[in-house]
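Notes for the one structure printed next.
Atoms within a ligand are numbered from 1 in the order they appear, just like the ligands themselves. Just so you know, these numbers use all the heavy atoms, side chains as well, and skip hydrogens, waters and symmetry mates.
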Amino acid sequence: MTKKDLQLEMHGVVAVIRLCRPAKRNALGDALILALRDQLENLPAETRAAVLCGEGEHFCAGLDLSELQERDAGQGLHHSRMWHAALERVQYGPVPVIAALHGAVVGGGLELASACHIRVADASTFYALPEGSRGIFVGGGGAVRIPRLIGAARMTDMMLTGRVYNAEDGERIGLAQYLVPAGQAFGKAMELAKRVADNAPLTNYALMHALPRIAEQPADQGFFTEALMAAVAQSAPEAKERVKAFLDGKAAKVKKD
Ligand code: 1HE
């Protein structure tokens with residue numbers, strides 16, 4: 001990997017993180033995965049949201065297969081754990097991450113997209129898990145995150161049969177929350193990132209760190225954790241200011257789109 005393979009640009013308080021290996025369809029080698037982890041750990045202090053996108057015709061072709069040499073079981077375990085560590089920095093990092101998807105979102109590319117908080121896909125997007133046909137298995141957290149988006153049955157089908165979902169069907173089954181015309185994923189992701197960046201930081205923190213954990217808890221524990229998080233969030237001075245602004249008629253109402 002070269003330094004250019006992962007690029008960071010700041011657009012105000014929004015960090016744009018771009019996979020920049022278009023000649024290799026943004027395939028993720030070890031160095032690139034580690035660079036992504038380090039980038040998430042070292043975002044400029046002013047960052048409030050991030051957009052993750054890919055240069056060229058595709059978002060990401062997954063694991064760099066040219067690096068898949070013979071590994072013994074222990075090395076394979078550590079390799080997968082390295083991906084887990086990096087993608088955990090995406091999911092549980094400092095700011096919400098919005099993926100702007102186009103072209104191939106396959107294998108580890110889909111695992112990476114699944115770790116993001118919002119996925120915006122354009123009409124050129126397609127999703128697949130070719131691990132099945134390559135004789136391997138997902139190793140970047142996909143077995144945990146993808147069934148939570150689309151269910152274990154659909155993921156099983158994708159891996160057993162090599163099924164490819166197009167952009168429209170991907171949005172229908174929950175792989176992406178937004179579907180936009182070709183070429184517009186980045187613009188839409190930036191628009192959403194700016195809205196996300198305007199939220200109170202503690203609300204964004206609760207959504208990133210509390211909600212997925214609450215969703216995994218038994219209901220009784222979930223209700224209790226929710227109450228704790230709600231109490232912390234509403235005690236922040238910013239929450240009080242925002243509620244007061246609404247009551248004083250100075251904040252936006254909820255409007256139909
Ligand atoms: C690659 C990779 C890659 C492309 N590793 N080099 N992922 C896959 O099994 C997907 C493999 N890739 C593809 O199916 C296709 O390349 C795409 C559908 C993504 C794009 O097709 P296309 O026609 O635009 O590009 P291409 O001609 O296939 O590829 C261009 C170059 O990128 C070519 O190299 P070149 O030197 O011949 O120009 C390809 O070899 C190279 N390339 N994809 C390495 N993935 C944590 S575990 C995760 C497990 C997985 O992700 S397994 C699934 C891997």
Side-chain angles (χ1 to χ4, degrees), residues 1-2 4-6 18-38 40 52-92 97 99-116 119 121-150 152 154-167 169-170 175-176 182-183 185:
M1 124 156 208
T2 69
K4 292 196 308 251
D5 290 351
L6 189 71
R18 191 181 304 272
L19 305 173
C20 259
R21 280 187 89 197
K24 295 291 177 189
R25 307 316 186 238
N26 298 322
L28 299 165
D30 290 3
L32 188 45
I33 277 290
L34 290 172
L36 184 64
R37 182 200 64 188
D38 292 348
L40 265 297
L52 177 66
C53 59
E55 184 73 17
E57 297 301 305
H58 302 282
F59 173 71
C60 177
L63 179 71
D64 186 332
L65 292 168
S66 69
E67 288 186 7
L68 189 66
Q69 308 125 353
E70 271 188 39
R71 292 193 184 106
D72 65 21
Q75 289 163 332
L77 174 73
H78 292 305
H79 181 259
S80 173
R81 297 299 287 156
M82 178 187 76
W83 270 67
H84 291 166
L87 270 52
E88 272 183 24
R89 296 318 295 158
V90 176
Q91 181 175 5
Y92 295 121
V97 182
L101 305 178
H102 72 294
V105 181
V106 303
L110 180 51
E111 296 185 272
L112 172 59
S114 303
C116 297
R119 284 159 295 282
D122 86 0
S124 72
T125 306
F126 58 98
Y127 308 91
L129 290 170
E131 285 87 341
S133 60
R134 310 268 180 247
I136 53 179
F137 190 57
V138 282
V144 172
R145 293 192 182 97
I146 297 170
R148 286 180 183 156
L149 294 178
I150 63 172
R154 285 198 176 98
M155 178 169 173
T156 305
D157 176 34
M158 287 175 84
M159 292 197 68
L160 283 178
T161 68
R163 180 171 182 167
V164 178
Y165 279 97
N166 65 23
D169 288 340
L175 284 170

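- L110 contributes atom CG, which lies 8.0 Å from atom OH of Y127 (distance to the nearest 0.5 angstrom).
- Every residue was checked against the side-chain hydrogen bond (donor to acceptor under 3.5 Å, both in side chains) condition with E131, not counting sequence neighbours, and none meets it.
- A side-chain N or O of D30 and one of H79 form a donor-acceptor pair less than 3.5 Å apart.
- Residue pairs that meet the salt bridge (charged side-chain N to carboxylate O under 4.0 Å, His left out) test with at least one member in residues 101-112, sequence neighbours left out, do not exist here.
- For residues 154-163, every residue pair satisfying the salt bridge (charged side-chain N to carboxylate O under 4.0 Å, His left out) rule, not counting sequence neighbours, is listed here: D157-R163.
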Find all protein N or O atoms under 3.5 angstrom from an N or O atom of ligand 1 and list the pairs with distances, or write 'none'.
from	atom 1	to	atom 2	distance (Å)
ligand 1	5 (N)	L63	O	3.4
ligand 1	5 (N)	L65	N	2.8
ligand 1	7 (N)	A61	O	2.8
ligand 1	9 (O)	R134	NE	2.6
ligand 1	9 (O)	R134	NH2	2.9
ligand 1	24 (O)	R25	NE	2.9
ligand 1	24 (O)	R25	NH2	3.4
ligand 1	24 (O)	H58	NE2	2.9
ligand 1	25 (O)	R25	NE	2.9
ligand 1	25 (O)	R25	NH2	3.3
ligand 1	32 (O)	A23	O	3.3
ligand 1	34 (O)	K24	NZ	3.3
ligand 1	36 (O)	K24	NZ	2.6
ligand 1	45 (N)	A61	O	3.1
ligand 1	45 (N)	L63	O	2.8
ligand 1	51 (O)	L63	N	2.9
ligand 1	51 (O)	G108	N	2.7

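- You'll find the side chain of R119 stays beyond 4.5 Å of the side chain of V105, heavy atoms only.
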